[in-house]
Structure formats: C-alpha cells, structure tokens
Amino acid sequence: MRASQFFLATLKEAPQEAELPSHKLMLRGGLIRKLGSGLYSWLPMGMRVLHKVERIVREEMDRAGALEIIMPPVQPAELWQETGRWELYGPMMLRIKDRAEREFCYAPTAEEVVTDIARKELRSYRQLPVNFYQIQTKFRDEIRPRFGVLRAREFSMKDAYSFDADEAGMLESYRKMFDAYVAIFTRLGLTFRPVAADSGEIGGSASHEFQVLADSGEDQIAYSDASDYAANIEKAEALAPAAPRAAPAEPMRKDPTPGTSTCEGVAKLWNEPLARTVKAILLYANHRVHMVLIRGDHSLNEIKSGKLHGLKGWRWASDEEILAACDGPAGYLGPVGLDRAKITVVADRTVAAMSDFICGANEKDFHIRGVNWGRDCPEPDVVADVRNVVPGDPSPDGKGRLALVRGIEVGHVFALGRRYSEAMGATFAAEDGTQKPFEMGCYGIGVTRIVGAAIEQNHDDKGIIWPDPMAPFTVSVIPLGFHKSEAVKAAAEKLYADLAAAGVEALLDDRNERPGVMLADQELVGIPHRVVIGERGLKDGMVEYQHRRDAEATRVPLAEVAAFVRQRLAP
RNA sequence: CGGGGUGUAGCGCAGCCUGGUAGCGCACUUGCUUUGGGAGCAAGGUGUCGGGGGUUCGAAUCCCUCCACCCCGACCA
C-alpha cells in the first residue's frame with residue numbers, strides 16, 4: 001500500500017475523553033473514531049488490525065473443528081423468555097420493538113439462538129459433537145462504557161457453542177477450545193494467562209478466562225510462584241491458616257475510640273498492627289442479617305460470599321437493619337454480646353483462627369481488645385473463605401505463594417452443561433433410543449477488545465508497537481526526498497516491489513512529507529519494522545533498518561534489505 | 001440511578017464572572033522557501049458558540065428547560 005492512496009488519519013492530540021494509552025493511541029493513530037458513548041467506527045487502519053485478529057481466530061477455530069455460522073444480532077424476545085433471561089438480563093440488554101410492536105433485543109450473546117438451531121437441526125447422537133461459532137457484533141448496554149474499545153457497548157465477539165451427547169464429550173470439546181484459545185493468543189503474540197474463573201451468571205461447572213497481562217487491566221489474577229496455578233481473584237481460594245488458634249493471653253477490655261469507625265483508625269489509635277483488628281461487614285440475605293468478619297487488612301470477596309448457603313443473593317444491610325440486629329451503629333460492630341437469634345455470625349477462616357483480637361463493641365465510639373472466640377463470645381456460626389487473597393498467601397494447590405497481577409479478559413470458556421438445552425427442550429435421540437438434552441459449552445473471544453488489550457501491553461511514549469501478527473502493515477518504507485531524488489525513489493520502489501513479491505505487507509510513504517512527519521506517523525501507528533532510504537546512505541549503497549523496539553538503526557546494503565527484513569519477521 | 005463537570009472551527013483550548021455580535025495553537029487551502037525527527041514566511045477558508053425558550057435595544061456571556069459527552073460513586077461499617 002502506498003501512503004498516498006491510503007487513509008492515514010493520525011492526530012497530534014488525542015480527544016479529551018481518552019484516558020488509557022490504548023484508547024488515546026487508537027484515536028490518534030486513526031484506527032477508530034467515536035460515534036457515541038461506547039460506540040466506535042473502525043477506520044481503514046483499524047480494520048487491517050481487526051482482520052488480522054479475525055483471521056487467526058478463524059483459522060484456529062476451524063482447525064479445532066468448529067464450524068462458522070452467522071446468527072442475527074436482532075433476536076425475538078420469545079426465545080429469551082424460554083430460558084428466563086429476558087427478565088434476568090435486565091438493563092444490560094438493549095430491547096427493540098418492530099412496527100408491529102413485537103419485542104426484540106440486540107443480542108448480547110447467542111445461547112438461545114444456537115440452542116434453537118440445535119433443537120431443530122440436530123436429531124441424533126450420530127451428528128454429535130458439533131461446535132458452531134460466529135464472529136458477530138454484540139451489544140451490551142454497560143453501566144459505564146469506558147476505556148474505548150476495552151469496555152464498549154457495541155463490540156465484535158467470536159462466540160462458539162458446542163453440543164455433545166454426554167458430559168465426557170462436552171469436557172473434551174471444552175478442552176479442545178481451551179487449547180485453541182492458547183493457540184490463538186500465542187499466535188497473536190500476546191502475553192497472557194489462562195486462569196480459573198467464576199462462571200458467573202452464565203452458569204455451568206468449569207470455566208477459564210484468558211487474561212492479557214497489563215497494568216491497566218480491570219481484573220486481578222492470583223498466580224503461584226511455584227506452580228502453574230492461576231485464578232481470577234474472584235475465585236482464588238484463601239486457605240485456612242496452617243497454625244491452630246493460639247490460646248487467649250489477654251483479658252477482654254472495652255475502651256473508648258471516639259470518632260474512630262475504621263480498623264485503620266483503631267489500629268493507629270491503639271498502636272496495634274492492622275492484622276490484629278477484625279472488621280464487621282453486615283449483609284442481608286434470606287430475611288436475615290449476617291455479620292461477616294474479615295481481618296482488618298483483608299477485603300471481602302463478594303463472589304465467594306454469595307456462594308455460601310445463607311448468603312445467596314445478599315445485599316448490603318441498611319442502617320436500620322444493622323441497628324436492630326446489633327444495637328450499635330456501623331463502624332463499631334463486632335461479635336461480642338450479639339443476640340444470635342437475630343443475627344448469623346460468619347467468620348473468615350483467618351478470623352476464626354485469631355485470638356486476642358480487636359473489634360467493635362456494638363456501641364458507638366467503643367471498641368474492645370483481647371477478644372477470644374469461645375471465651376468472650378460463642379464460636380462463629382459459619383467459618384468460610386470469604387476474603388480476597390493477598391500477595392504472599394499460600395497457593396491453594398499447596399505449591400508456592402500467591403502473587404497478584406492485573407489482566408484484561410479477552411477470552412472465556414464455559415462448560416455449560418444442560419442449562420439451556422433443558423430450558424429450551426433441545427434434545428437428541430441417544431444411542432439407547434431415549435431423548436436426552438445436549439451437553440453444551442460456550443466459548444467467547446472479545447475480538448475488538450483484543451486490539452485494545454494488545455496496545456495496552458505493547459506501546460511506548462511514541463505510540464503503538466504491534467506484535468508482527470497483528471500489525472496493520474509489517475514494514476514501513478520511508479524514503480527521504482522521494483519527490484526530489486530519482487535514486488531514492490528508485491530504491492524505495494524497488495524495495496516495495498520486492499517486499500510485495502515476497503508477500504510482505506509494506507506501507508510505502510510516498511507522501512511529500514517531511515522526514516519527521518513520516519517517522520512520527522510510523523511510530524504512532526506502530527508498524528513494527530521500518531526501512532529508511534536517504535540519499536546520504538545511498539551514496540554508499542546503504543539504507544537503514546530499525547525495529548520499533550530497537551534503540552538505533554542498523555545500516556544495511558540496499559541490495560540486501562529485502563532479504564534482511566524478511567529474516568527479521570516473525571515466522 | 002446518585003453526585004460533579006464539560007459542551008465555542010476537524011482536534012486541543014481561551015473568551016462567559018463584569019452582555020456590545022468570536023479568538024488562539026494545531027490541522028486545512030494557495031504560493032514561495034525548506035527537507036535525516038511533527039518546518040518558515042505570506043495570503044486564505046472554516047463556526048446554527050449543543051438544542052429550544054426567556055430577559056434585554058443587544059446574549060457565547062444572564063435565567064429556565066431539554067440533550068449529549070466525561071469523571072467519581074453506587075460496597076468494606
């Protein structure tokens with residue numbers, strides 16, 4: 001491609017709303033433009049990247065035996081009502097009416113429609129397993145779209161759905177997709193981690209997320225420094241302390257802590273370590289108030305808590321509920337002196353193993369220290385893992401210690417089971433002649449999000465640095481004085497033709513621009529390899545090669561550049 | 001949904017408080033010069049000042065209203 005024939009929409013300044021590097025650079029590099037909140041147009045430069053990603057995704061999906069289809073993004077409400085998700089999905093789903101007042105949605109995902117296809121088309125176990133996938137635009141009316149393409153409302157997603165005759169088959173399909181995802185993200189040249197995940201609203205047993213590692217990621221991942229254990233912090237288990245609870249050593253003592261309603265405050269006031277304090281978090285679930293106790297320096301894991309028996313569907317308790325159940329206001333609560341008929345005490349494993357700890361006195365402006373389970377208050381009603389892991393915690397697999405990194409979720413695989421097939425009566429004739437519901441799996445990849453994530457992971461102060469497989473152009477040919485020097489022009493044209501003949505995608509900057517402009521554009525847009533051709537070097541038959549990550553250019557004989565560049569490309 | 005903020009040229013912004021009919025930088029057009037890191041000079045084009053209503057002789061500026069966008073929050077007691 002010649003730059004003069006292309007649409008190079010680079011900007012010197014990024015529009016104000018852009019916060020993250022990837023968002024700014026995509027706008028500045030002319031990959032995308034914003035249409036409205038969470039809505040983006042993709043310009044030619046962005047399309048080239050998007051196509052690269054899509055191609056790799058397709059190739060690996062096909063290789064794994066999945067079959068491409070396309071389902072309508074606009075879907076009738078009836079299907080969604082069959083599974084109950086018309087109500088469940090809530091305001092995230094964009095609902096539309098047609099001229100006859102029939103209800104539709106713009107699909108946020110497509111389990112219902114594929115399951116409908118399966119129930120109509122797949123009749124016998126002989127036709128299984130089947131895996132259908134599509135690359136389609138989805139719409140989710142996010143509470144707060146942000147970070148450009150990383151959390152947009154409209155986005156492109158590859159979604160795949162497998163149908164198997166039994167659970168073993170489904171797990172095999174799941175494994176194939178897992179492997180395909182590893183292949184995809186590896187080929188894209190991204191640093192990523194598959195991590196055990198919570199399966200969330202979609203439901204099902206096994207679930208893994210594929211996380212691109214980046215400091216700006218919205219997710220936190222816990223991983224072991226001594227094994228391959230990795231899990232989303234939402235799911236990562238905090239083991240019970242190895243050491244048994246120590247015997248009480250202090251008497252219990254109530255003291256005033258005026259105006260000090262946080263663990264940090266009390267620890268400071270009494271000059272005690274934060275790790276000796278216990279905070280009480282009041283939740284309401286199943287018509288009952290629950291006091292969840294977490295060590296002062298830990299934080300509540302809302303997902304894990306929600307999985308406990310009595311805490312399904314919890315919400316934060318109101319001030320009135322707290323006062324009624326504890327006789328004290330928020331900020332001064334603890335397990336001592338509670339009427340257990342009115343409240344359930346849930347202690348985190350760590351807290352259950354503490355002795356001589358500090359907590360609220362259930363009285364405004366008072367805390368107590370030297371508190372001990374069994375002696376000063378009854379043992380907790382429930383002991384469970386309800387906190388987020390912290391760096392240094394032992395790994396749940398018993399090997400090594402946990403560390404935390406941030407990641408951007410770009411893929412997610414779910415072993416779904418029969419949730420949708422049963423709800424929609426999607427069955428097939430099994431070998432024994434009975435009708436059985438399909439065992440399903442579903443597998444998503446955020447295609448547009450990958451582009452943003454790749455930039456978050458690969459950029460510097462000058463711009464994007466594409467991994468070769470995603471680059472809009474592989475090589476940038478920059479002639480200095482293209483319109484003045486015949487020698488430069490001839491050399492540039494020759495190189496460009498040679499690269500094209502070798503199947504290398506080059507961008508020949510034939511614009512009559514100053515060198516600084518051409519170089520800055522190449523760097524902004526992130527073309528990974530560049531060759532600068534100038535009269536000065538040409539006198540000695542030399543040109544300059546420089547990779548986007550190289551600190552300096554390498555002089556290469558003109559006659560050898562094409563071969564030299566090809567050698568440097570990722571295989 | 002709650003709180004805060006912003007809407008002025010393609011982008012970044014000033015002007016608004018204290019009303020007098022719009023400006024700066026970049027970008028764009030033309031010409032000349034320049035050409036190894038986002039050029040210089042000269043000339044030029046560009047705005048329903050987010051929409052509607054009101055006050056006023058006169059509104060980008062004051063008032064009302066609607067809209068869009070952005071940020072924070074929606075929880076750690």
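Letters go in sequence order (proteins before strands), and every chain restarts at 1.
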If the cut-off is 4.0 Å, is [X] near the phosphate of [N], judged by side-chain N/O to OP1 or OP2?
X      : N     : answer
A:S37  : B:C70 : yes
A:R514 : B:G38 : no
A:R146 : B:C70 : no

In terms of ring plane angle, is the pair A:H547 and A:H529 parallel, tilted or perpendicular, where the classes change at 30° and 60°? perpendicular
In whole angstroms, how far is the [atom2] atom of [N] from the [atom1] atom of [X]?
X      : N     : atom1 : atom2 : result
A:F482 : B:G36 : CZ    : P     : 18 Å
A:L480 : B:U35 : CG    : P     : 13 Å
A:R295 : B:A77 : CZ    : P     : 16 Å
A:Q16  : B:C26 : CD    : P     : 20 Å
A:E218 : B:C72 : CD    : P     : 11 Å
A:I322 : B:C75 : CD1   : P     : 12 Å
A:L11  : B:G10 : CG    : P     : 13 Å
A:Q546 : B:G36 : CD    : C1'   : 12 Å

Under 4.0 angstrom, heavy atoms only, what part of the nucleic acid is [X] near: base, sugar-phosphate, or nothing?
X      : result
A:R315 : nothing
A:K34  : sugar-phosphate
A:R28  : base
A:G360 : nothing
A:E13  : base
A:N512 : nothing

Looking at A:R530 and B:G37, is any side-chain donor or acceptor paired with a base atom of the opposite kind under 3.5 Å?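 For A:R530, whose side chain was compared with the base of B:G37, there is a donor-acceptor pair (under 3.5 Å).
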Look at the side chain of A:E544 against the base of B:G36 and say whether a donor-acceptor pair falls under 3.5 Å; ignore hydrogens and angles. yes
Between B:C24 and B:U65, how far is it from one C1' atom to the other, in whole Å?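 Each nucleotide's C1' atom is 33 Å from the other's.
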Taking the side chain of A:K279 as heavy atoms from C-beta outward, which of B:G12, B:G38, B:A77 is closest to it?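 Closest nucleotide among those given: B:A77.
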For A:D215, I'd like to know if atom CG has over 12 heavy atoms of other residues, nucleotides or ligands within 6.0 Å.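 For A:D215, atom CG is not crowded (no more than 12 foreign heavy atoms under 6.0 Å).
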Does A:E486 CD have over 12 foreign heavy atoms under 6.0 Å away?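 Counting other residues, nucleotides and ligands, CD of A:E486 stays at 12 neighbours or fewer.
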Side chain to side chain donor-acceptor pair (under 3.5 Å) between A:H412 and A:E409: does it pass, once the steps are laid out? CA-CA 8 Å; A:H412 205 150; A:E409 182 188 352; 2.8 Å; yes
Could A:R511 and A:D521 be called an ion pair, given the rule that one side-chain N must be under 4.0 Å from one carboxylate O?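 Yes, charged N to carboxylate O under 4.0 Å.
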